[in-house]
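Quick note: numbers below take in every heavy atom, side chains included, and nothing from hydrogens, waters or symmetry partners. These figures come from a predicted structure and were not determined experimentally. A, B, ... follow the sequence lines: proteins, then strands. Residue 1 opens every chain.
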Amino acid sequence: MIDPKLLRQSTAQVATNLARRGFEFDGDAYLVLEERRKALQVETESLRSERNSNAKNIGKAKAQGEDIEPLLAAVKDLGDKLESRESALQEVQTALNDIELGLPNLLADDVPVGNSESDNTEVRRWGEPTEPGFTARDHIDLGESLGMLDFESASRISGARFSVMHGPLARLQRALIQFMLDTHTAEHGYQEVYVPYLVQAPALVGTGQLPKFEEDLFQTKSETPYYLIPTAEVPVTNLARDAILEADQLPSRFVAHTPCFRSEAGSYGQDTRGMIRQHQFEKVELVQFVEPGKSADALEELTGHAEVILQRLELPYRVVTLCSGDIGFGATKTYDIEVWLPGQQRYREISSCSNYNDYQARRMQARWRNPSTGRPELLHTLNGSGVAAGRALIAIMENYQEEDGSIRVPAVLQPYMGGLTKLSRG
RNA sequence: GGAGAGAUGGCUGAGUGGUCGAAAGCGCUCCCCUGCUAAGGGAGUAAGGGCUAAUACCCCUUCGAGGGUUCGAAUCCCUCUCUCUCCGCCA
């Protein structure tokens, strides 16, 4: 959520910033509502104040044994009047809140303007695109011919956009997850957390998936409705909900491995084959809570933590800054890390690292106590994949393939594979 | 799933219709006192919102959540959620 004060004091600037995203914010309509809110709130509160002092006087009079009938008469129609103002105020506040929850975050100044993925700007590259010296096969071809990737069973069980992995390949994904968790906890200062995979609506409102993107989520039919998490960002970031962290607790870094569930509504026709875009995938997620003012640096650092994983896996990648038209709803700035996939002859997203500044914190009331003011203030939240396990698995398969269709195991993962150095048929 | 108990400020815990945003204690902050330490004395110490140039006043809201009764609710009524204890079931 954007600071409501900023919204009403600098409406035009906000609208200009949001326009870079192609988001149209009707500032005038907002200000009309805001004026009504102010008038109604001032009126409502003064009526309440009047009622309170009357009630106090009645109490005093009664205690002294005086006749309270005239006082009661004087207060008679106050209740009705107050009630009508309260409900009018409530209505306006709900309308304002709906608008505010529907606004994307303000963009950082250095986010490039653009309309689509093609306008993202490359920041750096690491490694050279793998040249196997033969025609590279894609992960589907490789996995199926190894007998380790089984889309047929998956579709029989669950339909499209699921996969079944067998034996060493399934283990390789587990190895990857272990390796990533170990690296982030031992070397990057993250604390591992285990979190619920089913969450309730307020958690998703907090991180920004709701109310606007409900169609991307799976929901249970239970008596209390739950949503399956689309990312660990949701439960992990909500750890700070309604909290006031002390200054010495910041920065606070968490890492979690969870499955992620996405309905992928609207993605039909894209990446329909293979493991690139599925309803269920595994991800290791990094989340940070930091002091405001330090989040820009923290984003660089967090992105670096994700990059380390790819470097250790010796997977070529590049980092791009998402442009204003491609960046996510709640982010103020996002770096995508794209890994080279020889089977597709292009870079594909494997991690997305975002700074949300106080956008999520405001929705969640996630605060810290600023020692210089002594007051609770909103903190800043960041998150990034560190990295998506399913896609990392694809990247390993395609980048480590041999001409005979076998797949070498990256050196850093071999200890997690019981010393196995190669995935091969039979 | 069954039975019972409970939810109050950073913590413990009082408060069953009025001056209660809330006793007392602990903790914390500041001041005083005291060779040092220990002890002692005093003052302060919730959050959100409105108004505002203001983190100054003033006002509103909040005692698990939501509704209701009332001139007035932490206190009475209803619904829900969560926590704890015991039983059952289970990984």
Distances for protein N/O vs nucleotides 60-62 of chain B N/O pairs under 3.5 angstrom?
unit_1	atom_1	unit_2	atom_2	d
rC60(B)	OP1	Asn52(A)	ND2	3.3
rC60(B)	O3'	Arg48(A)	NE	3.4
rC60(B)	O2'	Arg48(A)	NE	3.1
rC60(B)	O2'	Arg48(A)	NH2	3.1
rU61(B)	OP1	Arg51(A)	NH2	2.9
rU61(B)	OP2	Asn52(A)	ND2	3.3

Can a donor-acceptor pair under 3.5 Å be found between the side-chain atoms of Lys62(A) and the base atoms of rG18(B)? yes

Determine the Euclidean distance between corresponding C1' atoms of rU12(B) and rC31(B); express it in Å to zero decimal places. 27 Å

Any side-chain donor near an acceptor of the partner, Tyr226(A) and Gln219(A), under 3.5 Å: no

Test of understanding: with salt bridge (charged side-chain N to carboxylate O under 4.0 Å, His left out), list the residues that count as partners of Arg367(A), not counting sequence neighbours. none

Length of the CG-P vector between Leu72(A) and rG18(B), whole Å: 16 Å

Taking salt bridge (Lys or Arg N to Asp or Glu O under 4.0 Å) as the cut-off, I'd like each qualifying pair that reaches into residues 248-268 of chain A, sequence neighbours left out, listed once. Arg253(A)-Glu301(A), Glu264(A)-Arg277(A)

Return the value, rounded to whole Å, for the distance between atom CZ of Arg375(A) and atom P of rU45(B). 13 Å

Atom-pair distance (CZ on Arg367(A); C1' on rG48(B)), nearest Å: 8 Å

Under 3.5 Å donor-acceptor pairs involving side-chain atoms of residues 380-396 of chain A, not counting sequence neighbours:
unit_1	atom_1	unit_2	atom_2	d
His380(A)	ND1	Ser295(A)	OG	2.8
Thr381(A)	OG1	Gln360(A)	OE1	2.7
Asn383(A)	ND2	Glu233(A)	OE2	3.3
Ser385(A)	OG	Ser352(A)	N	3.0
Arg391(A)	NE	Ile276(A)	O	3.0
Arg391(A)	NH1	Glu349(A)	O	2.9
Arg391(A)	NH2	Ile276(A)	O	3.0

Step by step, would you call Arg161(A) with Ser155(A) a side-chain hydrogen bond (donor to acceptor under 3.5 Å, both in side chains)? CA-CA 8 Å; Arg161(A) 294 194 190 277; Ser155(A) 75; over 6 Å; no

Rounded to whole Å, please give me the gap between NZ in Lys56(A) and P in rA73(B). 12 Å

Let me know, please, whether Lys5(A) or Gln365(A) comes out on the 5' side of the other along RNA chain B by nearest nucleotide. Gln365(A)

Roughly how many Å is it from CD in Gln41(A) to P in rC58(B), rounded to a whole number? 19 Å

Which nucleotides of RNA chain B pair, in dot-bracket form (Watson-Crick or G-U under 3.5 Å, | meaning another strand): ((((((((.[[[..)..(.....]]]((((((.......))))))(((((.......))))).[[[[[..)....]]]]])))))))....

Indicate the ring-plane relationship of His139(A) and Phe151(A), choosing parallel, tilted or perpendicular according to the 30° and 60° boundaries. perpendicular

rG49(B) OP1/OP2 closer than 4.0 Å to side-chain N/O of Arg37(A): no

Identify whether any heavy atom of Arg8(A) sits under 4.0 Å from a base atom; if not, whether one sits that close to sugar-phosphate; answer base, sugar-phosphate or nothing. sugar-phosphate

Do Arg51(A) and Asn54(A) have a side chain donor and acceptor closer than 3.5 Å? no

Nearest whole angstrom, please: distance from the C1' of rG49(B) to the CZ of Arg362(A). 14 Å

Taking only residues two or more places apart in sequence, or in another chain, which ones meet Thr94(A) in a side-chain contact (heavy atoms from CB on, under 4.5 Å)? Gln90(A), Asp98(A)

Could you measure the distance from the OH atom of Tyr190(A) to the CD atom of Glu285(A)? Nearest 0.5 Å is fine. 10.0 Å

Touch class at under 4.0 angstrom, heavy-atom based, for Lys38(A) against every strand present: sugar-phosphate

